[in-house]
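Position 1 is the first residue of the sequence, and the numbers go up from there. Numbering of ligands and ligand atoms starts at 1, following listing order.
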Amino acid sequence: MSKVELFSFEACPYAQRTRMVLIEKGIEFDLVEIDLFNRPAWFRDVSPYGKVPVLRHDGRAIYESAIINQYLDEAFPEPPMMPADPFGRAQARIWMDYCETRFLPATHRLMAERSDPGKTTANRDKLTEVLRFIEHEALRKLGEGPFWMGARPTLVDFQFLPFFERFAVYEELAGARWPEDCPRLRQWYQVLAERSSFIQTRHTLDFHLEQQRKLTEARTAAAGKT
Ligand SMILES: N[C@@H](CCC(=O)N[C@@H](CS)C(=O)NCC(=O)O)C(=O)O
């Protein structure tokens, strides 16, 4: 029996992506919790970037959550979590790339610049534009749903999901709003929110707000040292 270990941090959305895919596929794994606010020295030997998640499968390490999840889908093919045909797989990769290169930068900018009211207005508008793009170019064009790519869940759903869980944080701290004219996106989130893999890995708004507070404190302390 092959051995799967996941180096993770409870509050990390990227590690959550991989935990959800492991659960969706019914893969048994050992969870190694790394406290990123106080990480052990040996962790550098496991994780070349010093980040979580890292998957170790039969002693070999893989990092970067999107790559880990694609690896898991190839190494543990059941149930398949990518479309069966090459065009469908290309579309799935386009949306996974969109998450990293457009959606996440919009959320990061909104949070990082939230103390600047002038920038916050523009950043909120940008995030709304990104959400509308997803509504029209992904969810309305790729099929009837309820999942991102149609009738069954794929890696794309789990790539985005942790960040929609944290949307309540963006609302609370930076005044983000779900656009009213994105009903498919809302429905998508409602369906995903009921999956066991999400229920087992999600956290409350209070938990996320406390993590944000710790993160801000750690960043302020680090800036003070330079
Ligand atoms: N692109 C990476 C991002 C992983 C990441 O940023 N993880 C954060 C925690 S949520 C981390 O380990 N940060 C520690 C650090 O940057 O030193 C992925 O998708 O796996």
Side-chain angles (χ1 to χ4, degrees), residues 4-25 27 29 31-57 60-75 81-82 92-112 114 130 148 154-170 173-174 197-198 200-205 207-226:
V4 177
E5 298 158 282
L6 183 70
F7 297 84
S8 179
F9 174 55
E10 187 63 31
C12 174
Y14 304 96
Q16 187 185 357
R17 284 174 169 172
T18 295
R19 288 172 64 201
M20 289 191 292
V21 168
L22 286 162
I23 295 169
E24 289 283 334
K25 285 184 170 282
I27 301 168
F29 65 101
L31 191 67
V32 184
E33 179 72 6
I34 304 294
D35 179 357
L36 286 181
F37 293 110
N38 189 15
R39 64 193 88 179
W42 56 260
F43 184 56
R44 270 278 161 199
D45 297 331
V46 175
S47 175
Y49 292 165
K51 293 183 186 231
V52 294
V54 174
L55 184 91
R56 209 155 56 182
H57 183 200
R60 296 187 301 182
I62 300 156
Y63 45 99
E64 284 298 320
S65 58
I67 293 168
I68 296 172
N69 287 355
Q70 290 182 53
Y71 171 81
L72 286 172
D73 198 42
E74 290 172 14
M81 293 185 69
M82 283 290 272
R93 290 192 191 104
I94 287 171
W95 287 105
M96 290 192 278
D97 178 71
Y98 187 85
C99 184
E100 307 307 282
T101 59
R102 312 243 171 168
F103 171 73
L104 287 182
T107 63
H108 290 157
R109 206 169 306 117
L110 177 67
M111 291 299 285
R114 65 186 186 271
V130 164
W148 202 281
T154 62
L155 298 182
V156 185
D157 296 290
F158 300 99
Q159 182 125 347
F160 280 94
L161 189 54
F163 300 95
F164 281 93
E165 175 189 340
R166 286 153 184 80
F167 204 89
V169 177
Y170 315 148
L173 298 182
S197 60
F198 180 65
Q200 289 179 56
T201 58
R202 73 175 172 204
H203 284 288
T204 62
L205 175 59
F207 174 91
H208 290 305
L209 291 173
E210 175 60 11
Q211 291 301 318
Q212 276 297 326
R213 194 194 57 72
K214 283 187 177 171
L215 194 62
T216 308
E217 201 175 86
R219 283 190 183 138
T220 311
K225 280 189 200 151
T226 53

Heavy atoms from other residues, nucleotides or ligands near CZ of R219 exceed 12 (cutoff 6.0 Å): no

Contact partition for R39 relative to ligand 1, non-hydrogen atoms under 4.0 Å: side chain

Nearest-contact summary for atom 10 (S) of ligand 1 - protein heavy atom, Å: C12 SG, 2.7 Å

Side chain, backbone, both or neither: I68 near ligand 1, heavy atoms under 4.0 Å: neither

Subset of ligand 1 atoms that lie under 4.0 Å from at least one heavy atom of P53: 20 (O)

D73 with K25: basic N within carboxylate O range, under 4.0 Å: yes

Check: F164 ring centre within less than 6.0 Å of F198 ring centre: no

Distance from atom 4 (C) of ligand 1 to nearest protein heavy atom, with residue and atom: V52 O, 3.2 Å

Pair F163 + F160: ring centers closer than 6.0 Å: no

Selection from Y49, Y14, F7 by shortest heavy-atom distance to atom 3 (C) of ligand 1: Y14

Shortest protein contact, atom 2 (C) of ligand 1 (heavy atom only): E64 OE1, 3.2 Å

Lys/Arg-Asp/Glu bridge criterion (N-O < 4.0 Å) met for R17, E100: yes

Atom 20 (O) of ligand 1: nearest protein contact (heavy atom, Å): S65 N, 2.9 Å

Residues E217, K214: salt bridge by 4.0 Å N-O rule: no

